[in-house]
Number of protein chains: 2
Amino acid sequence: MIFIKKYYDKSQQYFIFTETTRDYMSNCIKDITHNEAFELLTESELLILKNNKTSIKYDKGEVLIKQGTLSNSIIFVKKGISKIYIEGSQKKIILTIKRDNNFLGLSSLYTEDKTYQYTVTALEKCKVELYDKTAFKEVLKKNVAFSNEIIKYINHNTSRFYKRLLCITEKNSRGKVADMILCLSNHIFGCLEFTIPLSRQELAEFAGLSMENTIRILKEFEADKLIKLKGKSFKIKNKTMLERISEFG
Amino acid sequence: MIFIKKYYDKSQQYFIFTETTRDYMSNCIKDITHNEAFELLTESELLILKNNKTSIKYDKGEVLIKQGTLSNSIIFVKKGISKIYIEGSQKKIILTIKRDNNFLGLSSLYTEDKTYQYTVTALEKCKVELYDKTAFKEVLKKNVAFSNEIIKYINHNTSRFYKRLLCITEKNSRGKVADMILCLSNHIFGCLEFTIPLSRQELAEFAGLSMENTIRILKEFEADKLIKLKGKSFKIKNKTMLERISEFG
DNA sequence: CTTATTTATTGATATTTATCAAAAAATATT
DNA sequence: AATATTTTTTGATAAATATCAATAAATAAG
């Protein structure tokens, strides 16, 4: 039987699940793809982008965007998984993991600070298109529907971060790890069995915990038969319980 | 002599400041005002807004925006201080405190989820203008410069949240409290002596700590002659040291 | 002005989580 | 295949922080 430890529950040291109708705040809101935006462009606008486009392939581990450098490009990832993270003075925190058909660098479109706010590195081979920011802005000026679609993507990211901020403040370490596993399953891989392109250290940076703590909780989940682990391959065996740990932890 | 306690510093239990050139990540990046956006509009566009505008006054404590309700308005705060916060299932976290001449609700402009992501309440009397979202979007569609200015505001908020996320993950409790005090001083009140419209509980929600812990650290800062406290009135006596605590804590 | 109620403060304590250290396992290198 | 190196895991421990409880102070209500 699995319980969730709660702070200072006097009557019983462990908290047993009860059915309540709380708002369930998870990092795991579904991500949206960004490819529809291009369909809003006219031939001439597409041509502007085409003439200011560079197609590049990145290998695993290579840096697509480096925090602090001048943001001269808007990047569209056609294929591949990448991690977006902020580098602090002591720690790193992975904001999100992005799949195919996503823009990178939109949050640096119009800002006083002309540098990228985060670093992006490829977690596997990535095929990307670099658009010159000036040209991209030109198209943005010409086409209001396109511009609004871009606002939509930016706002979608923002609402993800609101949730993430709350999760980091509110959830305990088990909740964070459960949430991360569900996030990987639901939104990155879309299935219950997957192999992560992340080290344990990176998992910790994603969960916002120390590596040792993250590992310990993963092992705990394994002992409780919630997941099955083998190196980087994960198998979710009791999704309902993971959801409850994420919700109540 | 003031030291900053560091985790497990073996050689010496307390960490003494050393001059390094680290990136200093603070929540306290300067906020921008949003009134310039209106200057980009034509007469006819201003008229559309004017015809879809309601002017309202809110008293202290009243709710301007409620998380989860349908986002039918874009709000422009002409005058007054308000707090923006996310309500979790167990905790609240104050995202930011906004002054005069700021838009609220921009992050709900274009989203699948048509509800507000956060709650906003007045910390003092507020004079606001409610714009019908449909009309606001109509103007956005007509005027690209306006649209881009709005993107700028949204992105500015985003970069604030990136920093905030990092601060919450990286800083210890003293660093968080020091950072909060500096934020209030630099960007909300613009001076070293100010009276906060926040309770201790709200300060804790702003710092992301428990109320008791927040109070204890405030008292500690007072004992160390960094600040002077009297109820809700604050006086900063050693800004340099606060900055270092925020930086290294 | 007195009493009730809320808010702020302090102290003691428990829990969570990070850190350190060392071993085991996995991967890379020769 | 043997060795070196890195990553992962485990155990022990310390520090940070939250919680509980009780008191003090401030504010509101009668």
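Scope of the values below: all heavy atoms of this structure, side chains included, with no hydrogens, waters or symmetry mates. Numbered from 1 within each chain, the chains take letters A, B, ... in sequence-line order.
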### Query
Residues in ring-ring contact (aromatic ring centres under 6.0 Å, His included) with A:F189, at least two apart?
A:F194
### Query
Taking CD from B:E202 and P from C:dT6, how many angstroms apart are they, rounded to a whole number?
16 Å
### Spacing of B:N172 atom CG relative to C:dT19 atom C1', expressed in whole Å
15 Å
### Message
Using whole Å, what does the distance between atom P of nucleotide C:dT9 and atom CG of B:L203 come to?
### Response
10 Å
### Message
Any side-chain N or O of B:S173 below 4.0 angstrom from OP1/OP2 of D:dT17?
### Response
yes
### Task
Produce a footprint string for nucleotides 4-11 of chain D: one letter per nucleotide, 5' end first; B if the base is under 4.0 Å from any protein heavy atom, S if only the sugar-phosphate is, - if neither.
----BBBB
### Query
Once you round it to whole Å, what is the distance between P of C:dT17 and CD of A:E205?
18 Å
### Message
Less than 4.0 angstrom from a charged side-chain N to a carboxylate O is my criterion; do A:K228 and A:E193 meet it?
### Response
no
### Message
Just the rounded figure in Å: distance from C1' of D:dA16 to CD of B:E170.
### Response
16 Å
### Task
Examine A:Y162 together with B:Y118 and report whether their ring centres are nearer than 6.0 Å.
yes
### Query
Using the C1' atoms of the five pairs at each end, what is the angle between the end axes of the helix from C:dC1-D:dG30 to C:dT30-D:dA1, to 10°?
40°
### Message
I need the CD1-C1' distance between A:I168 and C:dT17, as an integer number of Å.
### Response
15 Å
Can I get a per-line list of side-chain donor-acceptor pairs under 3.5 Å for residues 201-214 of chain A, giving both atom names and the distance, sequence neighbours left out?
residue, atom, partner, partner atom, Å
A:Q201, NE2, A:E205, OE2, 3.3
A:E202, OE1, A:S199, N, 2.9
A:E202, OE2, A:K83, NZ, 2.6
A:S210, OG, A:N213, N, 3.3
A:T214, OG1, A:S210, O, 2.7

### Message
Check this for me: does any side-chain nitrogen of one of A:K79 and A:E129 sit under 4.0 Å from a carboxylate oxygen of the other?
### Response
no
### Query
Below 4.0 angstrom from OP1 or OP2 of C:dA18, is there any side-chain N or O of A:N213?
yes
Table please: side-chain donor-acceptor pairs of residues 101-108 of chain B below 3.5 Å, with sequence neighbours left out.
residue, atom, partner, partner atom, Å
B:N102, OD1, B:H34, NE2, 3.3
B:N102, OD1, B:K98, NZ, 3.1
B:N102, ND2, B:D100, O, 3.3

### Query
How close or far is atom C1' of D:dA16 from atom CG of A:L209, stated in whole angstroms?
15 Å
### Task
Go through the structure and list residues passing side-chain hydrogen bond (donor to acceptor under 3.5 Å, both in side chains) with A:K219, not counting sequence neighbours.
none
### Task
Please name the pair of heavy atoms, one in A:S185 and one in A:C191, separated by the smallest distance, quoted to 0.1 Å.
OG-O, 3.0 Å
### Query
Any side-chain donor-acceptor pair under 3.5 Å between B:T111 and B:D113?
no
#### Entry: Between D:dT27 (C1') and B:K60 (NZ): distance, integer Å
12 Å
